Each structure stands twice: as structure tokens, then as C-alpha cells.
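Just below is one structure, and these are the notes that go with it.
Because only heavy atoms are used, hydrogens play no part in the values below, and waters and symmetry mates are left out as well, while side chains stay in. Note that the structure is predicted; figures quoted are calculated from it, not measured.
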Amino acid sequence: MTQKDLLIVNYCHRSCMPLMNIMRLPESRAFALARQMAEQNKGDTAFHRFADFDNYYYARLETDRALRSQFMALGGSPVQEHPLSFVLQGSDFLDDWFGNGIVTKIPLYVVPGNQISFTFGDSMTTLRERGTLRMMTKAGLLEAISDFNGTPEDFLADAAAKHRYIEVQVWDDADVLEYCRAESMRTGLIDFLLRAKKSTYAGKGSPTLSSRLLSHDFSYTEGDFLYYDTYVGGEKFSGEEVLYVSGRPHWSMNYAGRVLGDGFSGDFLKDALCHVDARMPFRGPPRYSDGFYDYSCEVRGDFGWFQGREEISFKNTVIYEAVFHGMLITG
């Protein structure tokens, strides 16, 4: 794990909406909603605070004021009076506490340093029991991880052993919500792309009209999404896949390959390509075998910018190879 791998994680019971804060409601509405949620979810640990909302509300109010004041003293510029709550890198304890419900993970780098703060353990409990809070800025957290005598995993394990988790306060929703919107769009695109691939060349779908001289073309449409695949050649080939959203190109992949030896099976290649999944939505899976045939695929990068290579071996001899690269398109 490196600092770039750090995540902030929000836990939410399935009866609630994620990335919301009841403290942002007018007081009367907050109390009414708390009573309703407590009544509807009796026995769930996540709603104990709502069943005792008279005590929770004012303690939370005091804690958020203390957090905000301390954050500003450290140079923060909080937009909200009440932050969205996360934990650093996740917590099995909180996952269970919220009934193994909705989990939202955001890369730490998404939130700018002047809008995020960190405390060891639950801030409200800590303030009530100790009368003070130990807060870190983003820069302070990264410095603490760097100075720790061990790996980032060791630092997190040490914090969990002493405090259960590191609480994270996000003081501006904008970057978090924008990331979630983009991630939702990306997930939708990838799901569509997988269906498109399995319905066209890989799935032995029918070609469409040729767009270029002697090209082989395939297309697949759902709503505003259009997938187009076109290639030229046979034993040596080159082509391109493009994913359009509302008539504009959004993602593209170029590929080129060649048959190197006897025994090549186009049906086996298509079968391998049909095993593509969301973790690596480019060509085929990392490994796939059937009888004497073995397919392998390696990729560097992610959906936004990637390069890769695939091979097929027959009786342990490489008989086919292809390379590919692509990216998200803007402008």
C-alpha cells in the first residue's frame, strides 16, 4: 500500500441514504426524522443514537462546533457547519454497526487538504470522555504515516488497535459527490461495454454495414449508449472500439494482432473474449483455458488510460498475439 491507495470510507444503513447528515436539517425536522427512523428500525445498533436523540443531537452539535473550530485553527476552510463522516481505509466494526449496509469508498486524494480533517477514534465519544480532540490535517496525517516505524498498513493497524479507527470529517461535499457521479457513470459505461462486447464479435453477433473499404463492423445500442467495433484484416488485423454517449465519443480502444502458428482457433478467441469482466473490461480475462488452448491477457493502467497484451498458446506454443491501448476521451 502507498499513500495513493488510501481511501476514506462511509458506512450507511440500508434504510438510509448515503452521504447525508441529519444534523444539517432544521432542528424540528431532525428530531421528527430521528423518531421515525428509530421506530422503523428497532433493535438495529445504527439507530440507537436516534432512539436517544435528545442526548445525541446536542452532543453532536457541540462536537461538530469543536471540530470545525479546531480545523479552522489548523488552517482549514470548512464550507459546511456539519461534516460528512468517513473513516480512513475502512472499519469492520462500523460495517457491522451499520448492518453491513451501503459502503462508499472515495480515494483520499479526491478531497483537498483544506476540506478534510482526521481524529483518532469516534470524535463525539473522545470529546465527551477526554474533553479534548486530537485533530490532524491531511498533510499532518500523511506526515504521521511517513514517520511511523512501519508500513502504512502497520500505521492503520496500530490506530485500529488503540482507537478502533481514524475518523474522517469532510467539510465540503462537492468533490466527494462529483467523484461519486463520475464513478456511477463509469460503472454504467463498463456494464454496458461488457454487454456490448458479448453481443457483437465475441458473442458471434451479426456484423453491420461496413464503414470503410473491406472493414468488418459491429454495433450495439442501449439508450444513449452506442458501442462500435470496426477492424480490417484477418490473420493480421487492426481495429478500434469506440463507446459513444449521447452521440459523442467517450471511450476508445485500438488493437492489433496476428496469428503466429498452426492451430489458431477464432472460436476459442471469441470464447475467451466472452469471459471479460468489470475488473478488466478490455479484451479477455487474465487467464482462460479450454483443452490444449490457453489464453492470457495483461493490462497496465485503468479504464481511463491503459495498455495491454494478449496471447494464445496451443499445446504450450504461442500461436497468436495482440496488443491494445485506449483511454477515456474528452473534448
Side-chain angles (χ1 to χ4, degrees), residues 7-72 76 78-106 108 111 115-136 141 156 159-173 176-177 180:
L7 303 170
I8 59 173
V9 183
N10 175 270
Y11 296 99
C12 177
H13 193 276
R14 294 191 182 278
S15 297
C16 301
M17 290 287 291
L19 304 181
M20 304 288 282
N21 187 336
I22 196 170
M23 298 300 295
R24 295 181 182 178
L25 294 174
E27 184 174 336
S28 60
R29 287 183 58 196
F31 272 83
L33 179 59
R35 284 193 297 271
Q36 176 185 340
M37 298 302 291
E39 182 65 26
Q40 291 174 352
N41 298 275
K42 289 181 178 179
D44 284 331
T45 55
F47 296 95
H48 288 173
R49 56 194 168 143
F50 288 176
D52 187 27
F53 203 62
D54 283 329
N55 288 321
Y56 174 84
Y57 182 84
Y58 296 107
R60 185 74 260 172
L61 196 65
E62 178 187 2
T63 302
D64 286 355
R65 286 171 177 167
L67 287 167
R68 195 172 192 273
S69 176
Q70 190 169 343
F71 185 45
M72 292 176 69
V79 172
Q80 299 287 345
E81 294 290 329
H82 303 282
L84 295 179
S85 294
F86 294 77
V87 292
L88 186 65
Q89 212 64 18
S91 164
D92 291 339
F93 170 78
L94 287 180
D95 194 20
D96 290 340
W97 181 268
F98 285 96
N100 306 113
I102 303 167
V103 181
T104 304
K105 298 180 179 181
I106 309 290
L108 177 58
V111 186
Q115 296 297 336
I116 190 169
S117 57
F118 306 83
T119 53
F120 286 102
D122 180 81
S123 57
M124 194 167 79
T125 301
T126 301
L127 184 62
R128 183 176 64 243
E129 293 179 352
R130 301 183 183 179
T132 186
L133 293 166
R134 179 189 168 191
M135 177 178 283
M136 292 180 292
L141 170 73
L156 293 167
K162 294 176 179 177
H163 310 283
R164 277 195 173 147
Y165 51 80
I166 297 176
E167 184 181 289
V168 183
Q169 302 90 32
V170 174
W171 297 94
D172 185 3
D173 305 353
V176 165
L177 296 181
C180 289

For [X], check side-chain contact (heavy atoms from CB on, under 4.5 Å) against everything at least two apart and list the hits.
X: Arg29; answer: Leu25, Pro26
X: Asp122; answer: Met124, Thr125, Tyr165, Glu167
X: Ala160; answer: none

Side chain of [X], backbone of [Y]: donor and acceptor closer than 3.5 Å?
X: Gln70; Y: Leu133; value: yes
X: Asn41; Y: Ser15; value: no
X: Thr45; Y: Trp97; value: yes

Side chain to side chain, [X] and [Y], heavy atoms closer than 4.5 Å:
X: Leu67; Y: Trp171; value: yes
X: Val176; Y: Phe86; value: yes
X: Ile8; Y: Thr104; value: no
X: Asn21; Y: Ser85; value: no
X: Phe120; Y: Lys162; value: no
X: Leu88; Y: Leu141; value: yes
X: Leu94; Y: Val87; value: yes
X: Pro78; Y: Met72; value: yes

Handout entry: Residues forming a side-chain hydrogen bond (donor to acceptor under 3.5 Å, both in side chains) with Arg60, sequence neighbours excluded
Key =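 Partners of Arg60 by the side-chain hydrogen bond (donor to acceptor under 3.5 Å, both in side chains) criterion, ordered by chain and then number, come out as Asp64, Ser123.
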Problem - Any residue meeting side-chain hydrogen bond (donor to acceptor under 3.5 Å, both in side chains) with Asn55, in chain and number order, not counting sequence neighbours - result: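 For Asn55 the side-chain hydrogen bond (donor to acceptor under 3.5 Å, both in side chains) partners, ignoring immediate neighbours, are Asp52.
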Taking only residues two or more places apart in sequence or in another chain, which ones pass salt bridge (Lys or Arg N to Asp or Glu O under 4.0 Å) with [X]?
X: Glu62; answer: none
X: Arg24; answer: Asp173
X: Arg68; answer: Glu81
X: Asp172; answer: none

Exercise for the section: Test side-chain contact (heavy atoms from CB on, under 4.5 Å) on Cys12 and Val103 and set out the steps. Expected result: CA-CA 6 Å; Cys12 177; Val103 181; over 6 Å; no
Practice task
Any chance you could measure Thr63, atom OG1, to Leu127, atom CG, to the nearest 0.5 Å?
Solution key: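 It is 4.5 Å, given to the nearest 0.5 Å.
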Practice task
Any chance you could measure Gln115, atom CD, to Ser117, atom OG, to the nearest 0.5 Å?
Solution key: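 Rounded to the nearest 0.5 Å, the CD-OG separation comes to 9.5 Å.
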Handout entry: His48: partners by ring-ring contact (aromatic ring centres under 6.0 Å, His included), with sequence neighbours left out
Key =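 Partners of His48 under the ring-ring contact (aromatic ring centres under 6.0 Å, His included) test: none.
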Identify all side-chain donor-acceptor contacts of residues 31-39 below 3.5 Å with residues at least two apart in sequence or on another chain.
{"from": "Glu39", "atom 1": "OE2", "to": "Lys42", "atom 2": "NZ", "distance (Å)": "3.2"}

Exercise for the section: Identify the residue among Phe50, Phe47, Phe98 that makes a ring-ring contact (aromatic ring centres under 6.0 Å, His included) with His13. Expected result: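 Answer after filtering Phe50, Phe47, Phe98: Phe47.
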Practice task
Specify the closest pair of heavy atoms between Phe71 and Ile116, including all atoms of both residues, with the distance to one decimal.
Solution key: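 Minimum heavy-atom separation between Phe71 and Ile116: CE1-O, 3.3 Å.
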Handout entry: Smallest separation among heavy atoms of Gln89 and Leu156, with atom names
Key =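 It is CG-CD1, 3.6 Å.
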Exercise for the section: Please check if any side-chain donor atom of Thr119 sits under 3.5 Å from a side-chain acceptor atom of Gln169, or the reverse. Expected result: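 Yes, because at least one side-chain N or O of Thr119 sits under 3.5 Å from a partner of the opposite role on Gln169.
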Practice task
Answer yes or no: are there more than 12 heavy-atom neighbours, outside Arg49 itself, under 6.0 Å from its atom CZ?
Solution key: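 Check passes, neighbour count above 12.
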Practice task
Could you walk me through whether Ile22 and Phe53 pass the side-chain contact (heavy atoms from CB on, under 4.5 Å) test, one step at a time?
Solution key: CA-CA 11 Å; Ile22 196 170; Phe53 203 62; 4.1 Å; yes
Problem - Pairs where residues 86-106 contributes a residue and the test salt bridge (Lys or Arg N to Asp or Glu O under 4.0 Å) is met, not counting sequence neighbours - result: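 Sorted result for residues 86-106: empty, none.
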Exercise for the section: Could you go through the side-chain contact (heavy atoms from CB on, under 4.5 Å) check for Glu27 and Tyr58 one step at a time? Expected result: CA-CA 10 Å; Glu27 184 174 336; Tyr58 296 107; 2.6 Å; yes
